[in-house]
Amino acid sequence: MAAGVYTGIMALIPALKDTSFHDITTTFECWILFAILIIVNSRSPLDSALKTFVFFLISQPLVYLVQVPFNDQGWGIFRYYPAWFYWTFFTIPMAFIGYYMKKDKWWGMLILGPMMLFLGYHYLTYFGEAVHFFPNHLLTSIFCAVTLIIYPLYIFKDKRIRIAGLIFALLIIAAASLYSAANKRSHTYETEVLLSGGSTSGVDFDDTFQVSLEDEAYGSVSITYIESIQSYAVHAAFEKTGSTVLVLQSPTGETYYYDLTIERSSYRIERKQ
């Protein structure tokens with residue numbers, strides 16, 4: 001119950017968007033921890049399945065119920081719940097099978113392995129975010145890495161299985177770290193920041209103009225033509241958050257400056273006077 005209320009509160013705080021504290025509202029890393037704790041403390045496969053199912057059946061609707069009085073959609077926010085209900089339903093077979101990890105047999109790793117890979121995918125995503133938009137999601141990426149290592153050590157008692165699980169966890173972390181750190185493209189925020197003749201730009205520009213960022217570490221900008229609206233625009237590919245200045249220069253040398261603040265999935269831009 002507390003997990004559902006906490007998650008609902010985290011979803012309500014705008015300042016927490018794109019931070020580790022908000023991640024529990026959208027992805028599974030914390031919920032995997034809750035499920036494993038229930039499974040390993042259950043008395044039978046049926047007990048494991050029922051307790052896990054009831055936990056998610058109560059906690060997930062609470063996430064949305066907490067938000068109802070404060071959200072513009074009101075009760076309409078429950079339209080996001082069905083996807084989570086499907087996951088809640090599937091906890092029955094997953095927790096039933098998961099109980100057999102307690103038997104401390106080698107095939108227990110075959111049960112835990114897919115869960116570790118799923119968690120590794122979360123780590124890959126959030127570690128990439130932390131690298132390219134530091135410190136966004138840093139705590140979540142650390143949480144994923146730590147729990148990946150802890151799960152086989154906590155669940156199993158057999159030394160050989162624990163070592164195999166630890167090696168598997170470290171391989172997942174190493175592979176995901178290398179891939180997400182190198183894959184800058186998937187962690188780039190692309191958008192149009194200015195339209196020719198728009199109220200923000202205050203300038204009619206075309207592809208004869210030059211555009212740049214004062215600090216190129218924030219990414220790149222270019223002038224493109226958008227066929228659907230038949231207008232030129234400044235297209236940006238941002239690679240980190242922060243503040244810089246966008247510079248637009250005409251062929252005749254007139255220069256226009258814009259204060260630009262970049263967030264993970266939004267931006268603010270204003271022409272300097």
Side-chain angles (χ1 to χ4, degrees), residues 1-4 6-7 10 20-21 23-60 62-63 83-128 130 137-180:
M1 185 172 180
Y6 172 81
T7 303
M10 292 300 102
S20 295
F21 297 102
D23 293 337
I24 191 174
T25 68
T26 55
T27 49
F28 293 88
E29 61 284 338
C30 289
W31 301 103
I32 291 172
L33 173 63
F34 299 146
I36 285 181
L37 289 175
I38 294 170
I39 289 168
V40 298
N41 288 286
S42 297
R43 295 186 299 272
S44 68
L46 183 60
D47 185 50
S48 174
L50 291 177
K51 283 182 176 177
T52 306
F53 174 71
V54 170
F55 170 77
F56 281 90
L57 189 65
I58 294 173
S59 62
Q60 294 306 311
L62 272 176
V63 173
W84 284 98
F85 176 75
Y86 297 142
W87 280 104
T88 299
F89 179 78
F90 282 116
T91 62
I92 297 175
M94 289 189 291
F96 189 96
I97 297 170
Y99 175 83
Y100 289 96
M101 293 186 294
K102 295 178 64 175
K103 298 296 183 181
D104 209 32
K105 301 295 184 180
W106 65 267
W107 38 260
M109 270 303 300
L110 297 180
I111 299 173
L112 181 62
M115 200 176 302
M116 292 176 67
L117 287 171
F118 187 43
L119 182 57
Y121 174 77
H122 286 61
Y123 171 76
L124 182 151
T125 300
Y126 287 127
F127 181 75
H137 308 288
L138 177 62
L139 292 179
T140 301
S141 63
I142 293 173
F143 177 88
C144 291
V146 170
T147 51
L148 265 170
I149 292 170
I150 288 176
Y151 288 150
L153 301 181
Y154 174 65
I155 294 170
F156 303 111
K157 301 297 183 286
D158 185 290
K159 185 177 179 180
R160 291 171 299 178
I161 303 175
R162 297 178 85 189
I163 292 173
L166 177 61
I167 292 172
F168 187 48
L170 294 175
L171 286 173
I172 291 173
I173 293 169
S177 298
L178 290 172
Y179 179 82
S180 56

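Atoms CD1 and CD, on Ile58 and Gln60 in that order, are 11.5 Å from each other to the nearest 0.5 Å. For the atom pair OG1 (Thr25) and OH (Tyr6), the distance works out to 10.0 Å, reported to the nearest 0.5 Å. How far CZ of Phe55 is from CG of Leu37: 9.0 Å, rounded to the nearest 0.5 Å. In this structure, SG on Cys30 lies 4.0 Å from CZ on Phe143, to the nearest 0.5 angstrom. Taken from CZ in Phe34 to OG in Ser59, the straight-line distance is 8.5 Å, to the nearest 0.5 Å. Interatomic distance, Ile173 CD1 to Ser141 OG, rounded to the nearest 0.5 Å: 10.5 Å.
Glu29 is not listed as a side-chain neighbour of Thr147, based on a closest heavy-atom distance of 4.5 Å or more. Between Tyr126 and Ile142 the shortest side-chain heavy-atom distance does not fall below 4.5 Å. Leu117 places a side-chain heavy atom less than 4.5 Å from the side chain of Ile172. Side-chain contact between Leu139 and Phe21: present, with at least one pair of heavy atoms (C-beta onward) separated by less than 4.5 Å.
Contact record, Met101 with Gly108: CG-O, 3.8 Å, taken as the closest heavy-atom pair. For the residue pair Ser48 and Ser42, the shortest heavy atom distance occurs at CA-OG, 3.2 Å. Across Gly98 and Ile111, no two heavy atoms sit closer than the pair CA-CG2, 3.9 Å. Taking each heavy atom of Ala176 and Gly120 in turn, the nearest pair found is CB-O, 4.2 Å. For the residue pair Lys102 and Ile39, the shortest heavy atom distance occurs at CD-O, 3.8 Å. Looking at every heavy atom in both residues, Ser180 comes nearest to Phe127 through OG-CD2, 3.1 Å.
Within 6.0 Å of CH2 on Trp106 lie no more than 12 heavy atoms contributed by other residues, nucleotides or ligands. Under a cut-off of 6.0 angstrom, the local environment of OH in Tyr121 is sparse, with at most 12 non-hydrogen atoms contributed by other residues, nucleotides or ligands.
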Can you give each donor-acceptor pair under 3.5 Å made by side-chain atoms of residues 148-168, sequence neighbours left out, with the distance rounded to 0.1 Å?
from, atom 1, to, atom 2, distance (Å)
Tyr151, OH, Leu33, N, 3.3
Asp158, OD1, Arg160, N, 2.9
Asp158, OD1, Ile161, N, 3.3
Arg162, NE, Leu153, O, 3.2
Arg162, NE, Phe156, O, 3.3
Arg162, NH2, Leu153, O, 2.9

Got a list of side-chain donor-acceptor pairs under 3.5 Å for residues 84-94, not counting sequence neighbours?
from, atom 1, to, atom 2, distance (Å)
Trp84, NE1, Tyr64, OH, 3.3
Thr88, OG1, Trp84, O, 2.9
Thr91, OG1, Thr88, O, 2.5

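In this structure, Phe28 and His122 have perpendicular ring planes: the angle between them is above 60°, well past the 30° mark.
A donor and an acceptor atom, one from each side chain of Tyr123 and Ser177, are located under 3.5 Å apart.
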